[in-house]
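As structure tokens, the structure follows; a few thoughts come after it.
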Amino acid sequence: MNWKKLLLLAIPLFLWLINYPISNPRLFNPYALQIIILMGVNAILALSWDLVAGVTGQFSIGHAGFMAIGAYSSAFLTLNYHFPFLPAILFATLLSAAAGFVVGIPTLRLRGDYLAIATLGFGEIVRVAILNAKSLGAATGLKGIPILSSFFSVYLALAIALWLCLALLKSQPGRILLAIREDELAAQMMGIDVVKYKVFAFSLSACLAGIGGALYAHWTSFIHPDSFTFMKSIEIILMGVVGGMGTIYGAAAGGMIITLLPEGLRLLLEQNPVLSQNKEFIRMLFFASLLLIFILLRPQGIFGKKEGV
Amino acid sequence: MNLFLQQLINGLAWGGIYALIAIGYTMVYGVMQLINFAHGDVFMVGAFVGLVIAQLLPDKTSPLSVFLVFLSAMFFSTLLGILIERLGYRSLWRKNAPRLSLLIVAVAISLLLENSGLLLFGAAPRSFPEIIPSKSYFVGSIIFTNLQLIIILSCLLLMGILHLIVMHTKMGRAMRAVAEDSEMSALLGVPRERVLSFTFALGSALAGIAGVMVALYAPQINPLMGLLPGLKAFIAAVLGGIGSIPGAMVGGFVLGEAETLVSAYLSSSYRDLLAFLVLILVLLLRPQGLLGKGVVEKL
């Protein structure tokens, strides 16, 4: 057993060891913990988007939809049927993967722009469907979801997701996804079943987004269709772009940065009564400007390498 | 039968408005293969410029002020369109950046415009002053208003002007050349970047006018009003065959009529769903749209 494998085993142990002190409000600031957990959840979401957009080169603006499916399905099970956390997460993962698959098959034959519109439509359909589903709380949202997520579970999930993505990029399917991103037509000419691999990427990405959603639901203990709007999808895109599309560690770091930055902004805004009234708009303006600045001036993101084409 | 005719007339006005916005989408797509998601928000800005100017004018209902309202909305949205192209798309387009980046820029600009609008005007809808006093006409048992008539006629007029510009001016010919084969037209000396600016200007001018028309017809406006009509106009453009200007006109009218008929005969809650249904059906059954040419991807 070499040191790399030992390190791999040490990570869960380390997470588990610091989980107790960090979750204790007397030892660690709960507000800071809240942010740290959300950073982990968003890092998973950013990874999920990066897998489709950064690695495979397909544009999705409906990732909040996959997240919503994961969040609602797991919360439904733990709330109504008292499922333990792990099976609930597994079910949520499978369901969102199935959604990714179902969305994938008809839409992935579409070229880039049409795909964007179709994923947007998908996200909206999921949200409106939940808004009309009485068993899912409809417009009042789901309250009192047991708080089962912890520092340990979130960061263990993130570590597994990171490992999965890195392993994928080194494997043959991962290389095929990169080939599709670089030149879809050429990949097809090489005998690659492009649609099959695009659907694969979409399902895997939906899986991760579903896990992110499930962890999120069991941390905040309250979910509402408004948490999964188009704006959420944009936020996820911003994370991936800022971190660096196609980079794995970069995307995860982007998720963390984009969670942390608005917190500073919020502290700034709340001191001014006029600004704090409009803080939601200002936050979106800030996000949009950031997105624009990055794409125009540093399209490779903070952690991406410049491509030498 | 009378109800049917009545609905057809109601649908025509919306159809014309969709068509005007759809033309902007389709022209931009033609010259740079980009879905300009910010186009719906240019339409919103047109409506708000109209609102501000109409509130400034002393005599709101005189023909001159109506003209001024439309002209200023057109002017400012044209300016905005050119600005969006210059600052947002051009550098990426020059670098031959992946289309993903262009799409992200489009979404970002759209968010920027919407949230600036929300910050300036608030989220509550504002009522638009009645600069054209409404009159109703009866033909048999069918009612139509002067506003509907004005909207339909000016849409047709604008489309006529557009047709002249695209088919019979030098710039229009350059536009068609770039849409046909961008690289080749550049080799033959077509100033592609000027063509891009011109295309955005033309499309945005039409969107600005459409904005004021909706503001008069609705008659309420809010900073998010560009979202749904923008998306529907895009669907109209896809329905007609994206890249084809006559297609956008046909698609706009067909979608407008279909929506009005659905809300009249089924339920108005299906109205917004219909557009997405149309999109999915078109993409699955006839991706090149009604009037588009089937394109084989070039190697």
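All values below come from the heavy atoms of this structure, side chains included, with hydrogens, waters and symmetry mates left out. To find a chain, count down the sequence lines: A is the first, B the second, and so on, and within it residues start at 1.
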Ile237(A) side chain reached by Val107(B) side chain, heavy atoms, under 4.5 Å | no
What pairs meet the salt bridge (charged side-chain N to carboxylate O under 4.0 Å, His left out) rule with one or both residues in residues 226-248 of chain B, with sequence neighbours excluded?
-> Lys232(B)-Glu259(B), Lys232(B)-Asp272(B)
Where on Ser91(B) is there a heavy atom nearer than 4.5 Å to chain A: the side chain, the backbone, both, or neither?
-> side chain
Non-hydrogen atoms of chain A under 4.5 Å away: do they reach the side chain of Leu102(B), the backbone, both or neither?
-> neither
Of the listed Ile242(B), Leu111(B), Leu231(B), the one with the largest count of heavy-atom pairs under 4.5 Å with chain A is Leu111(B)
What are the two closest non-hydrogen atoms of Leu296(A) and Gly88(B), and how far apart are they?
-> CD2-O, 3.3 Å
Neighbour count above 12 (heavy atom, 6.0 Å) for Tyr249(A) OH = no
Hey, is CZ on Phe76(B) packed in by over 12 heavy atoms from elsewhere, all under 6.0 Å?
-> no
Distance in Å, Leu103(B) CG paired with Phe59(A) CZ, rounded so as to fall on 0.5 Å steps | 5.5 Å
Does NZ in Lys95(B) sit with more than 12 non-hydrogen atoms of other residues, nucleotides or ligands closer than 6.0 Å?
-> yes
Greatest number of heavy atom pairs closer than 4.5 Å to chain A - which of Leu87(B), Ile104(B), Val105(B) = Ile104(B)
Near Arg298(A) CZ, under 6.0 Å, is it more than 12 heavy atoms from other residues, nucleotides or ligands?
-> yes
Looking only at non-hydrogen atoms, find the nearest pair between Leu291(A) and Ala108(B) and report the distance.
-> CD2-CB, 3.9 Å
From CG (Leu120(A)) to CZ (Phe37(B)), nearest 0.5 Å | 6.5 Å
N/O donor-acceptor pairs under 3.5 Å from side chains in residues 282-290 of chain A, not counting sequence neighbours:
residue, atom, partner, partner atom, Å
Arg283(A), NH2, Glu280(A), OE2, 3.4
Ser289(A), OG, Leu285(A), O, 2.5

Under 4.5 Å from any heavy atom of chain A - which part of Ser110(B) = neither
With only heavy atoms counted, which part of Leu119(B) is less than 4.5 Å from chain A, the side chain, the backbone, both or neither?
-> both
Contact class of Val128(A) relative to chain B, heavy atoms under 4.5 angstrom | neither
